[in-house]
Amino acid sequence: MPSQRTKASVIVRNATLDDVPRIAALVLKVYGRPADGYTPGMLRGQISAFPEGQFLVEYDGEVVGYAASFLVSEELAMSPHNWIEITGNGYAARHDPEGDWLYGMEVCVDPEIRRTRIGQRLYNARQQLCENWELKGIVFGGRMPGWRRRRRAYPEPEDYVTAVREQKITDPVIRFHMRAGFEPIGVLRNYLDEDKDSGGHATHMVWHNPYAQQESQTQKASYSYKESVRVATVQVLMRAVKSFEEFMSNVEYFVDVCSDRRADFVVFPEMFTLQLLAFEKRKLAPAEAIEALTQFTPRFIEEMRELAISYNINIIGGSHPTRTDDGDIQNVAYVFLRNGSVHAQEKIHPTPDERHWWNIKGGDSVDVIPTDCGPIGVLICYDSEFPELARRLTDEGARILFTPFCTDSRQGYLRVRYCCQARAIENQLYVVTSGCTGNLPNVSNMDINYAQSAIMTPCDYPFAREGIAAEVAENVEAVAVADLDLTDLSWARAEGTVRNLRDRRFDMYRVAWRDGG
């Protein structure tokens, strides 16, 4: 009889950003409420921080298991800690590329899948990673759900764990971990308040890699190879155009210029599409003008998408007023990737001027956008002045932040400029700004503009001395281009003079988002 080959029913592999929706669905199924598990933003942060350490199990094509892990130093791994502190509030933000221990922050298994040892497969994948990378071992905080029932007999959680180790009593989770080769070395008190059955505590579990060398020579760092991204910013002269075709012709010119210079990204300013109002037959009131501008949205999106594909460049298309599905007019940055996909980021904080004159409403979500150069973030103008937004994007994996802006005075411009420089320093990422200059005399509330677009860096040894990779002159139409080395960011976060991300005091403060992030 000829041999038959069938497709594998169970597959264990590394998770990717494309898997996030399916992993989020699994998390929701396991925990019941998104707030009890991981948000999509947290999952993106975990995968972006350390893709090699995130595993999933597919069973007949369905995601039925997920394990999240990251690297930490031995000092941090063995010290007292809680879940929020060591995981960076669930984003794996404490990942240390030079760490010698693998920290397990989650194992999540579909409760309906039986007799397939999904959890064991995920633990095996972690152990294989440790052996391949010659890490010292795995450490995590494990549940001890039987303690609540036996609290009278064992008032101290340490006594309960000792009794389980000595097989006087049984705890299914602790015994599972011990059968997998883990040893409880103590109790992490107040580890996770939500775990009521464990009294909020956790067992401090350790597995020692038997193949680990005393001094590993394996190069583990995520910056073990050079990652260079070329970015371009366009400072646009606002001008009266006679047609939509003329406007797009001007845009295409700059896209062509930046593509010729082999840029991976080009960014245009906030509200640069207001030039389309210049050929209206009469001067429109502010509210009328924005309403008229939204009519160009479908055509603008389609033609910008075609430019991104044909010129093989990722375009951050400034921002454009758009009437959204809920009927509100919002200031939206459209991102056109060279693979043909289109993404949108709403402006979260409209300025008082936008709210008063144009009736623009604020958006309700901010997340990274996956690209072929890694996750990026977009914050429109005023949003750059709210540090919580940039920090969330950083935790989700962004290493480049694009900020289209539109300011009418030097004071307004400097607010954006200084805040963007601060975001680059405190988040140890690159920030690319793009602003308008010139004027549109026939467009209400757009009489004059002030800008000096720039490409900003953190302030440390690998970067430009002034924290500015490139900038254009004030109030002229121009393009600035710079090569950004993403490995320098990894170095700065791990070994820099200051390490803003790693040194955060999660034991004292954190930002709680409405979606649980």
What residues, two or more places apart in sequence or in another chain, satisfy side-chain hydrogen bond (donor to acceptor under 3.5 Å, both in side chains) together with Arg239?
Glu477
Short side-chain to backbone donor-acceptor contact, Arg338 and Ile313, under 3.5 Å
no
Can you list the residues that meet the side-chain hydrogen bond (donor to acceptor under 3.5 Å, both in side chains) rule with Asp483, with sequence neighbours excluded?
Arg230
Tell me whether Arg355 contacts the main-chain N or O of Asn359 through its side chain, where contact means a donor paired with an acceptor under 3.5 Å.
no
Would you find a donor on one side and an acceptor on the other, under 3.5 Å apart, between the side chain of Asn89 and the backbone of Ile84?
no
Are Tyr103 and Phe70 close enough that their ring centres sit under 6.0 Å apart?
yes
I'd like to know whether the aromatic ring centres of Phe50 and Trp133 sit less than 6.0 Å apart in this structure.
yes
Please list, chain by chain and in numerical order, all residues satisfying ring pair (Phe, Tyr, Trp, His ring centres under 6.0 Å) with Phe405, sequence neighbours excluded.
Tyr413
Is it the case that the side chain of Gln235 and the backbone of Val476 share a donor-acceptor pair, with hydrogens and angles ignored and the cut-off at 3.5 Å?
yes
Can you pull the side chain to side chain donor-acceptor pair (under 3.5 Å) pairs that have at least one residue in residues 379-392, sequence neighbours excluded?
His349-Asp383, Asp367-Arg392, Arg391-Asn427, Arg392-Glu396, Arg392-Asp515
Assess the side chains of Ser319 and Glu270: does a donor N or O sit below 3.5 Å from an acceptor N or O?
no
Looking only at the side chains, is there a donor atom on one of Glu194 and Tyr31 sitting less than 3.5 Å from an acceptor on the other?
no
Show which side-chain atoms of residues 253-261 pair as donor or acceptor with protein atoms under 3.5 Å away, not counting sequence neighbours.
unit_1: Ser259; atom_1: OG; unit_2: Tyr311; atom_2: O; d: 2.8
unit_1: Arg261; atom_1: NH1; unit_2: Val257; atom_2: O; d: 3.2

Please list, chain by chain and in numerical order, all residues satisfying salt bridge (charged side-chain N to carboxylate O under 4.0 Å, His left out) with Asp19, sequence neighbours excluded.
Arg13, Arg22
Side-chain donor-acceptor pair present, Asn475, Gln452, cut-off under 3.5 Å
no
Glu245 with Arg299: basic N within carboxylate O range, under 4.0 Å:
yes
Hey, are Thr322 and Tyr334 close enough side-chain-wise for a donor-acceptor pair under 3.5 Å?
yes
Between the side chains of Thr351 and Glu354, is a donor N or O closer than 3.5 angstrom to an acceptor N or O?
yes
Quick check against the 3.5 Å criterion: does Asp264 have a side-chain atom that pairs as donor or acceptor with the backbone of Val229?
no
Arg502/Asp96 ion pair, N-O < 4.0 Å:
yes
Mind checking what makes salt bridge (charged side-chain N to carboxylate O under 4.0 Å, His left out) contact with Arg465, not counting sequence neighbours?
none
Which residues share a side chain to side chain contact (heavy atoms under 4.5 Å, CB included) with Ala424, sequence neighbours left out
Gln421, Val431
Answer yes or no: is there a donor N or O on one side and an acceptor on the other, between the side chain of His95 and the main chain of Ala93, under 3.5 Å?
no
Any donor-acceptor N/O pair, Thr294 side chain to Pro321 backbone, under 3.5 Å:
no
What pairs with Thr371 under side-chain hydrogen bond (donor to acceptor under 3.5 Å, both in side chains), at least two apart in sequence or on another chain?
none
Going by the rule side chain to side chain contact (heavy atoms under 4.5 Å, CB included), which residues pair with Glu302 if we only count those two or more places apart in sequence or in a different chain?
Arg305, Glu306
Tyr461 OH: over 12 foreign heavy atoms closer than 6.0 Å
no
Test of understanding: with ring pair (Phe, Tyr, Trp, His ring centres under 6.0 Å), list the residues that count as partners of Phe140, not counting sequence neighbours.
His177, Phe182
Are Leu274 and His320 side-chain neighbours, meaning at least one heavy-atom pair lies under 4.5 Å?
no
Short question: side chain of Glu426, backbone of Asn500 - any donor-acceptor pair under 3.5 Å?
no
With sequence neighbours excluded, tell me which residues meet side-chain hydrogen bond (donor to acceptor under 3.5 Å, both in side chains) with Asp18.
none
Should the ring pair Phe247 and Phe300 be called parallel, tilted or perpendicular, given that the plane angle runs from 0 to 90° and is split at 30 and 60?
tilted
Answer yes if the side chains of Asn449 and Thr437 hold a donor-acceptor pair under 3.5 Å, and no otherwise.
no
Could you tell me whether a side-chain N or O of Thr324 sits under 3.5 Å from a main-chain N or O of Asp328, the two making a donor and an acceptor?
yes
